[in-house]
Amino acid sequence: MPTSRLRIIDVMVGDVNQDGKVNSADATLLNNYLNGKASLSGNALRAADTNADFGVTKDDLTHLNDYLSGKVSYFNA
């Protein structure tokens, strides 16, 4: 029976643009994605799921903005 390989890559939750930081640029990109002005895939899409519900919605943007403003100090993911 053939075996498949699974590559595990760490993803920084909230780092939507994959630059190693979680900041307003990530919120802007996520907002653009939600408004159909940008596309996300792979690790960027995983990083955008800030509430760990296996989907990317406006709730993730709200959670990201709450994190950036200090209202929450962690992501659920």
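Thr62 has its side chain within reach of Asp66: a pair of non-hydrogen atoms, C-beta onward, lies under 4.5 Å apart. Under the 4.5 Å side-chain criterion, counting only non-hydrogen atoms from C-beta, Val16 is not in contact with Tyr33. Inter-residue side-chain proximity for Asp60 and Leu34 is flagged as unmet; no heavy-atom pair is nearer than 4.5 Å. Side-chain atoms of Leu40 and Leu29, non-hydrogen and from C-beta on, do get closer than 4.5 Å to each other.
Between the side chain of Asn35 and the main chain of Lys37, no donor-acceptor pair closer than 3.5 Å is present. In this structure a side-chain-to-backbone donor-acceptor pair under 3.5 Å is missing from Asp26 to Leu30. The main-chain N or O of Gly20 is found under 3.5 Å from a side-chain atom of Asp15 such that the two form a donor-acceptor pair.
Across all their heavy atoms, Thr50 and Val13 have their closest contact at CA-CG1, 3.8 Å. Looking at every heavy atom in both residues, Asn43 comes nearest to Arg46 through OD1-NH1, 3.0 Å. Closest non-hydrogen pair, Ala47 versus Met12, comes out as CB-O, 3.4 Å. Closest non-hydrogen pair, Ala27 versus Leu61, comes out as O-CD1, 3.5 Å. Taking both residues in full, the closest heavy atoms of Val72 and His63 are given as CG2-CD2, 3.7 Å, listed atom of the first, atom of the second, then distance.
Summarising the geometry, atom CG belonging to Leu64 is positioned 11.5 Å from atom CG belonging to Asp49; distances are rounded to the nearest 0.5 Å.
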